[in-house]
Protein chains: 2
Amino acid sequence: MPRTRAGRAPLTRDRVVAAASDVADAVGTQRLTMRLVADRLDVEAMALYRHVADKDDLLDALAERVLDRLNDAAAQLPGPAPGTPWTAVARERVLVAREVLLRHPWAPRLVHERGTMGPATLRWFDDLSAVLFTGGCSADLVHHAMHALGTRAIGYNAELLDVTPTGAEQDGEEMLSAMSAMSETYPAITRMVAEIAHDASTTLGWCDDQAEFEFGLDILLEGIERRRAAGGDGPPSGATGLSP
Amino acid sequence: MPRTRAGRAPLTRDRVVAAASDVADAVGTQRLTMRLVADRLDVEAMALYRHVADKDDLLDALAERVLDRLNDAAAQLPGPAPGTPWTAVARERVLVAREVLLRHPWAPRLVHERGTMGPATLRWFDDLSAVLFTGGCSADLVHHAMHALGTRAIGYNAELLDVTPTGAEQDGEEMLSAMSAMSETYPAITRMVAEIAHDASTTLGWCDDQAEFEFGLDILLEGIERRRAAGGDGPPSGATGLSP
DNA sequence: ACCTGAACACCGTTCAAGT
DNA sequence: ACCTGAACACCGTTCAAGT
């Protein structure tokens with residue numbers, strides 16, 4: 001590992017982002033300062049600008065770094081026993097994501113604020129989409145579910161899947177090769193997009209925010225009413241006093 | 001209306017908060033600056049500190065102001081036709097709240113960031129709780145529903161109902177009179193708290209975040225699976241291709 | 001009583017200069 | 001090539017001073 005004359009390891013983008021994560025752990029994302037990040041690296045603030053464009057870029061990178069950790073955690077999950085319903089598999093993935101996010105109290109807010117759609121985020125959504133496809137969900141249903149679960153699981157709120165890879169031109173050739181690269185890396189997302197685009201009659205625009213919101217809301221109301229009718233309460237599956 | 005020598009209306013906390021709302025509309029909450037708010041009032045920044053403690057206080061007040069607008073909008077809703085199921089009434093309330101919130105693009109994030117539990121927020125939750133009680137939901141179910149719907153409707157994420165009114169002492173007398181005042185102003189919330197406290201056997205701590213999260217998650221998964229089994233998609237109630 | 005001017009300790013970011 | 005010093009245009013906030 002090369003060293004500068006002063007004996008410090010050389011700065012890299014990764015070390016800068018890691019230092020930012022440490023600073024956020026210590027003082028929160030709100031009070032994170034370029035100067036504080038630099039201090040942790042024994043460097044002047046201006047040195048950071050060689051590795052990140054500006055503070056926004058650094059925070060985006062920090063959000064992606066958190067999503068990387070989610071993917072690491074998901075990868076270490078044991079494969080589900082054969083015959084496990086897809087809902088149980090999806091449930092575990094979301095709960096693991098939440099567990100990792102809560103290790104950094106600042107993480108949910110950061111991911112929510114910056115709706116970045118970087119490789120780590122795409123990976124997470126692709127894996128979860130695959131679970132639903134395997135469970136027999138249609139492309140449309142997977143799409144709606146990603147909105148509803150994505151919001152709940154990782155606080156993700158941006159337009160899902162404005163996924164034209166950065167740098168890809170709009171002219172045909174490049175578009176095609178970009179899409180075929182996408183389909184190898186993110187097969188479930190690609191399938192979802194392709195099937196919905198193919199069957200455009202049921203889609204009222206790509207990611208209609210209002211429709212997605214109502215989808216999630218209606219499911220919640222339906223589930224609450226079902227529990228009321230059953231006379232129960234909720235999580236503790238208690239046998240409480242019936243409703244007045 | 002009294003005027004200063006310079007002919008301007010005198011500053012009030014309300015005018016300061018209103019100006020902050022205008023500034024936020026123009027440049028967003030992120031770029032809102034004490035100096036910008038002051039400019040809009042033709043005043044120096046330091047004059048604001050006579051009416052708000054600091055910037056944090058101003059942003060809290062701004063969040064409460066938005067919740068006031070939600071309550072105004074809810075108050076103007078026509079009463080539901082007799083026989084309307086509670087789910088439809090609740091649905092409309094949540095959708096109206098969202099509509100108002102979206103009029104100020106910065107509003108959802110602000111309300112989410114500052115989980116204030118001021119009078120306006122309490123009023124909104126009390127009204128929605130009343131709808132569920134009227135629909136026959138148990139206190140426990142109302143509580144869980146407030147968490148699930150509150151998050152979805154207004155991005156509310158703080159501990160619901162750390163509601164000991166500010167300034168109330170812990171000694172018995174004052175506590176009692178504070179609670180009876182609460183019960184007049186917020187009858188549904190008071191009922192919810194009282195019934196849950198009374199029947200403590202089913203409650204595992206007041207506002208167990210993890211349990212509330214799983215409550216909402218399970219309802220979503222259940223609803224998605226139900227739609228898969230029905231072979232449908234979601235919002236457009238379309239008759240698309242069945243799942244693969 | 002209410003507002004202002006000047007000042008303080010901080011920001012993010014730039015650019016020429018050092019090594 | 002990589003980092004630093006000095007500087008710029010901003011912040012939030014204070015406090016004594018004005019009217």
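Letters A, B, ... are given to chains in the order of the sequence lines, protein chains preceding strands, and every chain is numbered from 1. Nothing here was measured: the structure is a model prediction, and the numbers come from that model.
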Between [N] ([atom2]) and [X] ([atom1]): distance, integer Å:
X        : N       : atom1 : atom2 : value
Leu48(A) : dG12(C) : CG    : C1'   : 11 Å
Tyr49(B) : dC3(C)  : OH    : C1'   : 15 Å
Glu44(A) : dT14(C) : CD    : P     : 17 Å
Met46(B) : dC2(C)  : CE    : P     : 19 Å
Asp57(A) : dT13(C) : CG    : C1'   : 14 Å
Gln30(B) : dG12(C) : CD    : C1'   : 14 Å

If you compare all heavy atoms of Ala188(A) against all heavy atoms of Ser129(A), which two are closest, and at what distance to 0.1 Å?
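Smallest interatomic distance, heavy atoms only, reads CB-CB, 3.7 Å.
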Where is the tightest heavy-atom contact between Arg109(A) and Glu113(B), given as atom of each residue plus distance?
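Closest approach of Arg109(A) to Glu113(B): NH2-O, 3.4 Å.
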Is the backbone of Arg15(A) close enough, under 3.5 Å, to the side chain of Thr12(A) for a donor and an acceptor to pair up by distance?
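Side chain of Thr12(A) to backbone of Arg15(A): a pair is present.
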Tell me the side chain to side chain donor-acceptor pair (under 3.5 Å) pairs involving residues 57-75 of chain B, sequence neighbours left out?
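Residue pairs with at least one partner in residues 57-75 of chain B: Arg13(B)-Asp57(B), Asp60(B)-Arg114(B), Glu64(B)-Thr121(B), Arg69(B)-Asp72(B).
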Among the candidates dC3(D), dG5(D), dT13(C), find the nucleotide nearest to the side-chain atoms of Ala47(A).
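Closest of the options to the side chain of Ala47(A): dC3(D).
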Nearest heavy atom decides the nucleotide; on that basis, is Arg50(A) or Asp54(B) closer to the 5' end of DNA chain D?
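Of the two residues, Arg50(A) wins.
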Each base of DNA chain D marked ( ) or [ ] if paired in-strand (Watson-Crick or G-U under 3.5 Å), | if paired to another strand and . if unpaired gives ||.|||||...|||||.||
Every protein N/O within reach of nucleotides 8-11 of chain C N/O, cut-off under 3.5 Å:
residue: dC11(C); atom: O5'; partner: Thr33(A); partner atom: OG1; Å: 3.2

